[in-house]
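In this chain, numbering begins with 1 at the start of the sequence shown.
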Amino acid sequence: MTSTTSADGILGRRGLRTGVEWSTSATARARAMQLVTEHRAQQREIVRNPHLSTEWARAAVRAPQLLAAVQEAIGPDIAVENTFLVVKWPHRAFEIPWHQDGIDARVELDPDHSVSAWLALSDATVSNGCLHAVVGSQHFGYLPFSSEAEHGAERGRADQATGFTADATTALPLPAGSALLMDSRLLHRSGTNAGDGARVGLNVRYVAPGGIRRRDPQSPSPDPVSGTGW
C-alpha cells in the first residue's frame with residue numbers, strides 16, 4: 001500500500017464512529033417496509049438523491065442526533081453533497097466492492113471537511129450484507145480507482161479502489177435506526193444479502209464549506225442543512 005500519513009483524520013485512529021442514532025428502530029423499520037413495498041415490483045436496488053425528492057429522506061439527513069455528530073466532526077455549517085438509497089434484495093447477487101466515499105469519477109471531497117454516514121433502515125447483519133471496513137485505512141489517503149467488471153445489472157458499475165490488499169477487515173452490523181460515520185477515505189464494502197428479507201440503507205455524504213475539491217459541474221449543488229456559511 002501507499003505510505004501512511006501522520007494524521008488520523010477527523011474521526012480518529014479507526015476512521016469511523018458507531019452508536020449514532022438517527023431514528024427509533026420501530027420508525028426506521030416501518031419506513032424500510034414501505035420502501036420495500038414501493039420498489040419490490042421493479043426490484044430497484046439504488047435510488048439516487050432521495051433527500052431531494054422525498055420527505056422521509058429529507059428528514060433523515062437532518063435528524064438531530066445524527067446532525068450533531070456530523071457537526072462535531074466537521075463544524076456547524078453542513079450540507080448534503082449526495083445520498084443513495086440502497087436496497088439489497090434477499091439472495092440476489094449484489095456485491096459492492098472496496099471503495100472510498102469521498103472520491104469517484106465526478107467528485108473529490110476534502111477529508112478534513114467531509115464525512116460519510118450510513119443509515120440503517122432495516123437491521124444490517126453479517127448475513128444480509130452489512131458493511132465491512134478496513135479500520136484505519138484513511139491513513140492511506142485516496143487510492144486509485146476503476147470501474148468494477150460488467151455484471152449486467154441495471155444499477156450499473158460501481159467504482160472500486162485499487163492498489164491495496166485488505167489483510168484485516170471488520171464487519172459493522174447495525175440495528176435499524178442507527179448510523180455509522182466514516183472518514184471519507186475509509187475503505188469499505190458490502191456483500192450479497194443471504195438473509196430472508198431486504199436490507200435497506202441510506203448513504204449520505206456531508207460537507208462543510210470548502211469540502212468539495214472537485215465536482216462535475218452537472219451535479220446538483222450541495223443542499224444546506226445547518227449553519228449560515230452557505
Side-chain angles (χ1 to χ4, degrees), residues 1-20 45-46 69-70 73-74 82 84 86 88 90-120 122-151 153 155-175 178-195 199 201-206 213-214:
M1 288 189 176
T2 56
S3 61
T4 61
T5 63
S6 58
D8 286 331
I10 59 173
L11 295 177
R13 179 180 57 84
R14 289 169 51 83
L16 58 85
R17 177 180 170 185
T18 58
V20 179
E45 295 174 317
I46 292 179
V70 173
I74 60 175
N82 179 273
F84 282 90
V86 179
K88 289 201 172 192
H91 308 291
R92 183 177 182 182
F94 188 174
E95 299 270 344
I96 297 179
W98 290 111
H99 66 282
Q100 298 168 302
D101 281 347
I103 189 168
D104 57 33
R106 73 174 182 83
V107 71
E108 179 180 327
L109 304 182
D110 182 340
D112 291 330
H113 297 90
S114 64
V115 68
S116 177
W118 196 90
L119 283 58
S122 58
D123 295 328
T125 67
V126 173
S127 64
N128 74 9
C130 72
L131 269 61
H132 292 247
V134 180
V135 173
S137 56
Q138 76 278 6
H139 289 130
F140 301 117
Y142 284 129
L143 297 174
F145 62 90
S146 61
S147 295
E148 66 177 342
E150 178 61 56
H151 43 62
R155 62 180 176 270
R157 299 164 65 190
D159 289 323
Q160 59 181 356
T162 61
F164 77 100
T165 301
D167 294 323
T169 68
T170 301
L172 299 166
L174 291 177
S178 66
L180 166 72
L181 297 187
M182 294 181 288
D183 189 292
S184 296
R185 301 161 295 182
L186 190 77
L187 288 158
H188 59 286
R189 65 170 297 277
S190 64
T192 292
N193 178 0
R199 193 221 73 180
L202 181 68
N203 182 264
V204 188
R205 292 197 297 214
Y206 288 102
R213 291 175 173 170
R214 173 183 58 81

Note, R189 side chain near E95 side chain (heavy atom, < 4.5 Å): yes
Note, V115 side chain near R17 side chain (heavy atom, < 4.5 Å): no
Residue pair L172 / L16, side-chain heavy-atom distance below 4.5 Å: yes
Contact summary for L186 and G136, nearest pair of heavy atoms: CD1-N, 3.9 Å
Sub-4.5 Å side-chain heavy-atom contact between V70 and V204: no
Separation between CZ of R199 and OG of S127, rounded to the nearest 0.5 Å: 11.0 Å
Y142 and L109, any side-chain heavy atoms less than 4.5 Å apart: yes
Donor-acceptor under 3.5 Å (Q100 side chain, A161 main chain): no
Exercise: identify the closest heavy-atom pair between D159 and P97: O-CG, 3.8 Å
Heavy-atom pair with the smallest gap, counting every atom of L174 and A179: CD1-C, 4.2 Å
Stepwise side chain to side chain contact (heavy atoms under 4.5 Å, CB included) check, W98 with V134: CA-CA 9 Å; W98 290 111; V134 180; 3.7 Å; yes
Any residue meeting ring pair (Phe, Tyr, Trp, His ring centres under 6.0 Å) with H113, in chain and number order, not counting sequence neighbours: none
Nearest-0.5 Å distance that lies between atom CH2 in W118 and atom CG in L202: 9.0 Å
Donor-acceptor contact present, side-chain K88 to main-chain N128, <3.5 Å: no
Closest non-hydrogen atom pair, A117 against Y206: CB-CE1, 3.9 Å
V86 and F94, any side-chain heavy atoms less than 4.5 Å apart: yes
Residue pairs, two or more places apart or on separate chains, that pass salt bridge (Lys or Arg N to Asp or Glu O under 4.0 Å) and touch residues 134-146: none
Close side-chain approach of S184 to D101, heavy-atom, < 4.5 Å: no
Rounded distance (nearest 0.5 Å) linking atom CD1 of I96 with atom NE2 of H132: 11.5 Å
Under 3.5 Å: donor-acceptor pair, side chain of S137, backbone of L187: yes
Within 6.0 Å of CZ in R14, more than 12 heavy atoms from elsewhere: no
Between D8 and H139: side-chain donor-acceptor atoms closer than 3.5 Å: yes
Minimum heavy-atom distance between A73 and L11, given as atom pair plus value: CB-CD2, 4.1 Å
Sub-6.0 Å ring centroid separation between H99 and H188: yes
Whether T162 side chain and P144 backbone form a donor-acceptor pair below 3.5 Å: yes
Side chains of P90 and N193 in contact at under 4.5 Å (non-hydrogen atoms): yes
Residue pair Q138 / R13: nearest heavy atoms and the distance that separates them: NE2-O, 3.1 Å
Set of residues satisfying salt bridge (charged side-chain N to carboxylate O under 4.0 Å, His left out) with respect to R205, sequence neighbours excluded: E81, D104
